[in-house]
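Working notes for the structure below.
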Amino acid sequence: MASTPVEPPVPIVPFKNCPIATSLGVLGRKWSLLIIRDIGWKRADRFNALLRTIPGLTPRMLALRLSELEDAEMIHRVEAHNSPKLVRWALTKKGEDIMPVLMRLVAFGSRWFPERIFADERPRTLAEIYPENGGNHPWITGAPD
């Protein structure tokens, strides 16, 4: 049975540029969202750790994307005081604001592409994937932290 189409919301403020296209100018570059994902989920915050967690990403491309994300103020360098070579990356407030969008991508993929995501190929909700804090985590609810 076909669902009834939902009318899109109509903005009351005119756009100078499309906000989606503008956001994708930075975030739509290959590897950018995966780098933000890994820094945000605290799986990797150093250069070599990012290379290990993102298969296919080259050192040259990682350096370029880190520079672009830093220029866009999505991430910032955290340098250790005792060693200028020990650099970590952290999300800025702007970078943290993309995390609920990434969580919606987790929800979308888990629902519509379960055969590619889960060994048992069964669709799942975010509440099933993140049962401990799924109901009230700001990345899932989209609420400001």
Side-chain angles (χ1 to χ4, degrees), residues 3 6 8-145:
S3 64
V6 175
V10 178
I12 61 169
V13 178
F15 292 130
K16 176 180 172 183
N17 293 302
C18 172
I20 296 170
T22 301
S23 298
L24 287 176
V26 172
L27 301 172
R29 308 285 309 256
K30 188 173 183 179
W31 311 112
S32 294
L33 286 176
L34 297 179
I35 292 167
I36 290 171
R37 174 201 66 186
D38 286 359
I39 293 171
W41 257 286
K42 303 296 184 199
R43 292 179 13 192
D45 62 355
R46 301 210 34 219
F47 192 90
N48 284 331
L50 287 164
L51 284 175
R52 280 193 302 274
T53 62
I54 306 173
L57 179 59
T58 65
R60 181 178 174 277
M61 187 55 65
L62 176 56
L64 178 63
R65 290 296 177 256
L66 288 170
S67 177
E68 291 171 351
L69 291 169
E70 188 176 24
D71 289 346
E73 300 177 349
M74 300 293 290
I75 62 173
H76 65 95
R77 294 170 69 101
V78 180
E79 295 183 18
H81 297 294
N82 57 353
S83 173
K85 292 186 179 193
L86 180 61
V87 174
R88 296 186 186 281
W89 295 95
L91 296 180
T92 61
K93 178 62 178 144
K94 188 189 290 189
E96 289 172 3
D97 278 354
I98 196 66
M99 299 312 288
V101 176
L102 293 182
M103 193 58 73
R104 293 306 310 152
L105 289 172
V106 171
F108 181 84
S110 298
R111 177 179 180 186
W112 295 106
F113 302 108
E115 69 284 353
R116 298 182 192 178
I117 295 172
F118 303 113
D120 64 3
E121 301 183 0
R122 186 176 62 83
R124 288 179 174 75
T125 65
L126 289 179
E128 292 173 288
I129 299 168
Y130 302 100
E132 300 232 350
N133 58 4
N136 59 8
H137 195 284
W139 290 0
I140 294 173
T141 65
D145 44 331

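Quantities reported herein were computed from a predicted structural model and do not represent experimental measurements. Hydrogens, waters and symmetry mates play no part in the numbers below; they use all other heavy atoms, side chains included.
- Under the rule for a salt bridge (Lys or Arg N to Asp or Glu O under 4.0 Å), D71 has no partner lying at least two apart in sequence or in another chain.
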Would you list the atom pairs, donor with acceptor, under 3.5 Å between side chains in residues 51-63 and any protein atom, with sequence neighbours excluded?
{"residue": "T53", "atom": "OG1", "partner": "D38", "partner atom": "OD2", "Å": "2.4"}
{"residue": "T53", "atom": "OG1", "partner": "A49", "partner atom": "O", "Å": "3.4"}
{"residue": "T53", "atom": "OG1", "partner": "L50", "partner atom": "O", "Å": "3.2"}
{"residue": "T58", "atom": "OG1", "partner": "M61", "partner atom": "N", "Å": "3.2"}

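- Residue E128 comes nearest to T125 through the heavy atom pair OE1-N, 2.7 Å, listed as atom of the first residue, atom of the second, then distance.
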Anything under 3.5 Å between a donor and an acceptor, one on a side chain of residues 114-121, the other on a protein residue two or more places apart or in another chain? List them.
{"residue": "D120", "atom": "OD1", "partner": "R122", "partner atom": "N", "Å": "3.1"}
{"residue": "D120", "atom": "OD1", "partner": "R124", "partner atom": "NH1", "Å": "3.0"}
{"residue": "D120", "atom": "OD1", "partner": "R124", "partner atom": "NH2", "Å": "3.3"}
{"residue": "D120", "atom": "OD2", "partner": "R124", "partner atom": "NH2", "Å": "2.6"}

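- Every residue meeting the side-chain contact (heavy atoms from CB on, under 4.5 Å) condition with V101, not counting sequence neighbours, appears here in chain and number order: I98.
- Within a 6.0 Å sphere centred on CD of E73, heavy atoms belonging to other residues, nucleotides or ligands number 12 at most.
- With values rounded to the nearest 0.5 angstrom, L86 atom CG is found 4.5 Å from R46 atom CZ.
- Under the rule for a side-chain hydrogen bond (donor to acceptor under 3.5 Å, both in side chains), T92 has no partner lying at least two apart in sequence or in another chain.
- To the nearest 0.5 Å, atom CG of residue D45 and atom CG of residue L91 are 10.0 Å apart.
- Residue pairs meeting the ring pair (Phe, Tyr, Trp, His ring centres under 6.0 Å) criterion with at least one partner in residues 33-72, sequence neighbours excluded, are W41-W139.
- A 6.0 Å sphere centred on CG of L105 holds more than 12 heavy atoms belonging to other residues, nucleotides or ligands.
- Residues in residues 52-72 take part in no ring pair (Phe, Tyr, Trp, His ring centres under 6.0 Å) pair, two or more places apart or across chains.
- Checked against side-chain hydrogen bond (donor to acceptor under 3.5 Å, both in side chains), R111 has no partners two or more places apart in sequence or in another chain.
- Closest of all the heavy-atom pairs between V26 and S32 is O-OG, 3.5 Å.
- Within the 4.5 Å cutoff, side-chain heavy atoms of W89 are placed close to those of R77.
- For residues 14-36, the pairs satisfying salt bridge (Lys or Arg N to Asp or Glu O under 4.0 Å) are R29-E68, with sequence neighbours left out.
- Residue pairs meeting the ring pair (Phe, Tyr, Trp, His ring centres under 6.0 Å) criterion with at least one partner in residues 12-40, sequence neighbours excluded, do not occur; the list is empty.
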(request) Begin from the C-alpha positions of L69 and I39 and carry the test side-chain contact (heavy atoms from CB on, under 4.5 Å) through to its verdict. (result) CA-CA 12 Å; L69 291 169; I39 293 171; 5.9 Å; no
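- Evaluation of the side-chain contact (heavy atoms from CB on, under 4.5 Å) rule for T22 yields N17 as partners, not counting sequence neighbours.
- Here R65 contributes atom CZ and I36 contributes atom CD1; the two are 11.5 Å apart, rounded to the nearest 0.5 Å.
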